[in-house]
Amino acid sequence: MHGDHIHVLEDGTVIHHSHGHKHSHAQTKAVLNRLSRAIGHLESIKRMVEDGRDCSEVLIQLSAVKSAINNTGKIILQDHIEHCIVDAVEHGDRDAIKELEKAIDRFMK
């Protein structure tokens with residue numbers, strides 16, 4: 001019937017989603033690759049700080065990670081709109097649309 005899915009965060013928190021539909025995200029692999037790159041980038045910034053590298057260099061690298069994360073968020077949003085929201089509209093699922101509005105609001109802050 002309805003597609004439920006569960007996300008387990010890195011710290012072990014379990015998030016249970018239930019949507020009125022089952023969906024697959026076309027961009028999951030791309031998103032995971034981008035996140036892995038951002039994590040690697042952050043690790044190298046951490047090493048820069050440990051090595052006492054110049055603050056301005058560290059800030060430049062941090063801003064690069066920030067924009068990489070923002071772009072990853074945009075891909076997730078586009079993917080979500082293309083798949084979940086189209087489905088939600090077809091099924092008259094107002095909750096999914098409200099959830100998306102909340103997520104966009106948080107993401108844009």
Side-chain angles (χ1 to χ4, degrees):
M1 190 186 124
H2 289 327
D4 288 4
H5 58 257
I6 288 173
H7 295 290
V8 181
L9 302 182
E10 274 182 356
D11 64 1
T13 310
V14 175
I15 298 175
H16 186 82
H17 274 297
S18 100
H19 288 299
H21 60 285
K22 196 85 174 161
H23 58 264
S24 64
H25 288 285
Q27 300 295 338
T28 299
K29 197 150 181 50
V31 166
L32 290 174
N33 289 339
R34 280 167 176 264
L35 287 173
S36 295
R37 278 203 301 273
I39 290 165
H41 200 156
L42 273 175
E43 291 288 349
S44 70
I45 295 170
K46 190 177 161 197
R47 282 191 298 277
M48 286 173 75
V49 172
E50 287 167 347
D51 297 342
R53 292 279 288 283
D54 186 62
C55 292
S56 58
E57 283 180 47
V58 172
L59 287 171
I60 289 165
Q61 294 306 315
L62 269 180
S63 75
V65 173
K66 247 169 49 172
S67 73
I69 289 169
N70 282 338
N71 289 333
T72 305
K74 284 178 200 160
I75 292 174
I76 292 170
L77 275 174
Q78 282 170 341
D79 209 33
H80 183 64
I81 290 164
E82 279 170 28
H83 296 88
C84 314
I85 297 305
V86 169
D87 249 36
V89 170
E90 283 170 5
H91 291 90
D93 183 355
R94 303 280 323 143
D95 290 346
I97 294 162
K98 280 198 198 80
E99 283 301 309
L100 175 64
E101 284 166 2
K102 273 192 280 188
I104 291 172
D105 196 47
R106 255 178 254 140
F107 180 67
M108 296 309 238
K109 282 199 164 104

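Computed from a predicted model, the values in this text were never measured in an experiment.
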Side chains of Leu35 and Ile69: does their closest heavy-atom pair fall under 4.5 Å?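 In short, these two side chains do not touch, never coming nearer than 4.5 Å.
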Could you check if a side-chain atom of Asn71 sits within less than 4.5 angstrom of a side-chain atom of Ile75, using non-hydrogen atoms only? no
Interatomic spacing from [atom1] in [X] to [atom2] in [Y] - rounded to 0.5 Å:
X     : Y      : atom1 : atom2 : answer
Asp95 : Leu100 : CG    : CG    : 12.5 Å
Lys46 : Asp51  : NZ    : CG    : 12.0 Å
Cys55 : Ile60  : SG    : CD1   : 11.5 Å

Are [X] and [Y] connected in the hydrophobic side-chain network, where two residues link if heavy atoms are under 4.5 Å apart?
X     : Y      : answer
Ile85 : Ile104 : yes
Val89 : Ile81  : yes
Ile97 : Met108 : yes

If every non-hydrogen atom of [X] is compared with every non-hydrogen atom of [Y], which pair is closest and at what distance?
X      : Y     : answer
Ala38  : Val65 : O-CG1, 4.4 Å
Arg34  : Thr72 : CB-OG1, 3.5 Å
Phe107 : Leu77 : CD2-CD1, 3.8 Å

Looking at Glu99 and Lys102, does any basic side-chain N land under 4.0 Å from a carboxylate oxygen?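 Salt bridge present between Glu99 and Lys102.
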Is there a donor-acceptor pair under 3.5 Å between the side chain of [X] and the backbone N or O of [Y]?
X      : Y      : value
Asp105 : Glu101 : no
His41  : Arg37  : no
His91  : Asp87  : yes

